[in-house]
Amino acid sequence: MKDAREVYDRFGVMNKLPGFKPHWRIGIGSMNPVVYMTADGVQIKNMYWSFLPSWAKEKRLKFSTFNARDDRLLESKVYKSAVPGQRCIIPATYFFEPDKKHYPKPPHPWYCFKLNDQKVFSLAGLYNPWTDPKTGEELYTYTIITTEPNAVVGAYHDREPAILDSTQEKQWLNPDLTEPQQILPLLKPYPPEKMESWRVADAAKNPRNDYPEVIKPVSD
């Protein structure tokens, strides 16, 4: 993640996020900047990375919700109700995937992926404000949507985060688009010629290693 001003300008954010600073590695269950549309325009808010449906009784679910498959959104009791009006964007400068193609069993080498046509880009997501039934505390939560991989990501992994271009971003956040046939076609593999990848050290596997060296290339 780059500095706050670059993100605000890139997405036309109307507010500011206190304490916004770059991260080199984030982990599931962490609080991260998410862009979403409100009645006051495009806003940015720290949200919890693991989607919690409104009916969840506790914060820890028995299944993972940090990613949501695009081909199962409409049949999912977790995500279906969020598709029409609770779409969001997760700003990113790169992402990691493990090599499960050449290494079916752990440990998997990890690879870093970035776009070569833009520094800050958008990952498509869904969000939900969840209220803890025990404490009454409200927590905004989100998931990153995945789709079929392009040739670059597909060389190592069978899914990739759904990346939106600048035109698609406006459509994705547009509250007037509520029908699946208007929304789901935006979720597709990113053009492989606009993406590059490299292997990173095993330190990238640990979200505690939040420093620049985790994205440095290492030899295969």
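Note: hydrogens, waters and symmetry copies are ignored here, and every other heavy atom, side chains too, is used.
A continuous path of hydrophobic side-chain contacts links V13 to M31 [ILVMFWY only; heavy atoms under 4.5 Å]. Linking ILVMFWY residues whenever their side-chain heavy atoms come closer than 4.5 Å, directly or via other members, leaves M14 and F11 in distinct clusters. When the side chains of ILVMFWY residues are joined at heavy-atom separations under 4.5 Å, either directly or via intervening members, F96 and V218 end up in two distinct hydrophobic clusters.
Other residues, nucleotides and ligands contribute more than 12 heavy atoms inside 6.0 Å of the NZ atom of K101. Within 6.0 Å of NZ in K205 there are more than 12 heavy atoms belonging to other residues, nucleotides or ligands.
Between atom CD of residue Q43 and atom CE of residue M37 there is a gap of 9.5 Å, rounded to the nearest 0.5 Å. If you take CG on N116 and NZ on K194, they are separated by 9.0 Å, rounding to the nearest 0.5 Å. A distance of 12.0 Å separates CD in E179 from CG in D176, rounded to the nearest 0.5 Å. Going from atom CG of L126 over to atom CZ of F51 covers 6.0 Å, rounded to the nearest 0.5 Å. From L139, atom CG reaches atom CG of L52 across 6.5 Å, with rounding to the nearest 0.5 Å. Atom-to-atom distance recorded for E6:CD and T93:OG1 is 9.0 Å, nearest 0.5 angstrom.
Between K188 and D165 there is no salt bridge, since none of the side-chain N atoms of the basic residue sits less than 4.0 Å from a carboxylate O of the acidic one.
Summarising the geometry of R87 relative to Q171, their closest heavy-atom pair is NH2-O, 3.8 Å, with the distance given to 0.1 Å. Shown here for P91 and V34, the closest heavy-atom pair between the two residues is CD-CA, 4.4 Å. Smallest separation of non-hydrogen atoms from C112 and V200: CB-CG1, 3.7 Å. Across P180 and P185, no two heavy atoms sit closer than the pair O-CD, 3.7 Å. Residues L123 and P161 come closest through the heavy atom pair CD2-CB, 3.9 Å. The minimum heavy-atom distance linking W130 with A56 is given by the pair NE1-O, 2.9 Å.
R72 is linked by a side chain to side chain donor-acceptor pair (under 3.5 Å) to nothing, counting only residues two or more places apart in sequence or in another chain. A search for side chain to side chain donor-acceptor pair (under 3.5 Å) contacts involving D117 returns Y190, not counting sequence neighbours. Every residue two or more places apart in sequence or in another chain that forms a side chain to side chain donor-acceptor pair (under 3.5 Å) with R5 is listed here: D9. Partners of D132 under the salt bridge (Lys or Arg N to Asp or Glu O under 4.0 Å) rule, at least two apart in sequence or in another chain, do not exist in this structure.
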Would you mind writing out the side-chain donor-acceptor pairs for residues 77-85 within the sub-3.5 Å range, not counting sequence neighbours?
unit_1 : atom_1 : unit_2 : atom_2 : d
Y79    : OH     : N67    : O      : 3.3

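Note on residues 54-66: pairs passing side-chain hydrogen bond (donor to acceptor under 3.5 Å, both in side chains), not counting sequence neighbours, are S54-N128.
Under the 30°/60° scheme for interplanar angles, the aromatic rings of Y140 and Y36 are found to be tilted. Taking the six-membered ring for Trp and thresholds of 30 and 60 degrees, F113 and Y111 have ring planes inclined between 30 and 60 degrees apart.
Side-chain contact between K114 and W198 is present, with at least one heavy-atom pair separated by less than 4.5 Å. Side-chain contact between R199 and S219: absent, with no pair of heavy atoms (C-beta onward) separated by less than 4.5 Å. No side-chain heavy atom of I90 sits less than 4.5 Å from a side-chain heavy atom of W49. Under the 4.5 Å side-chain criterion, counting only non-hydrogen atoms from C-beta, E148 is not in contact with E160. Considering only heavy atoms from C-beta on, V153 stays 4.5 Å or farther from P189 through its side chain. Put simply, the side chain of W24 reaches to within 4.5 Å of the side chain of Y94, judged on heavy atoms.
W172 places no side-chain N or O within donor-acceptor distance of the main-chain N or O of L187, the cut-off being under 3.5 Å. Within the 3.5 Å criterion, the main-chain N or O of F66 finds a donor-acceptor partner in the side chain of T143. N15 places a side-chain N or O within 3.5 Å of a backbone atom of I44 that can act as its donor or acceptor partner. A distance-only check finds a donor-acceptor pair linking the side chain of H108 to the backbone of Y103 [under 3.5 Å].
With 3.5 Å as the limit, one finds no donor-acceptor pair spanning the side chains of D40 and T38.
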Just do the side-chain contact (heavy atoms from CB on, under 4.5 Å) check on V7 and F20 with the steps written out, would you? CA-CA 10 Å; V7 173; F20 190 165; 4.0 Å; yes
side-chain contact (heavy atoms from CB on, under 4.5 Å) for R25 and N209? Distances and angles first, verdict last. CA-CA 7 Å; R25 175 71 168 91; N209 296 329; 5.5 Å; no
Checking side-chain contact (heavy atoms from CB on, under 4.5 Å) for the pair D70/R159: CA distance, chi angles, key distance, verdict? CA-CA 10 Å; D70 63 338; R159 304 291 294 172; 2.9 Å; yes
Apply the test side-chain contact (heavy atoms from CB on, under 4.5 Å) to residues R69 and T146: give CA-CA distance (whole Å), side-chain angles for both, the deciding distance (0.1 Å), then the verdict. CA-CA 5 Å; R69 291 180 61 104; T146 67; 4.1 Å; yes
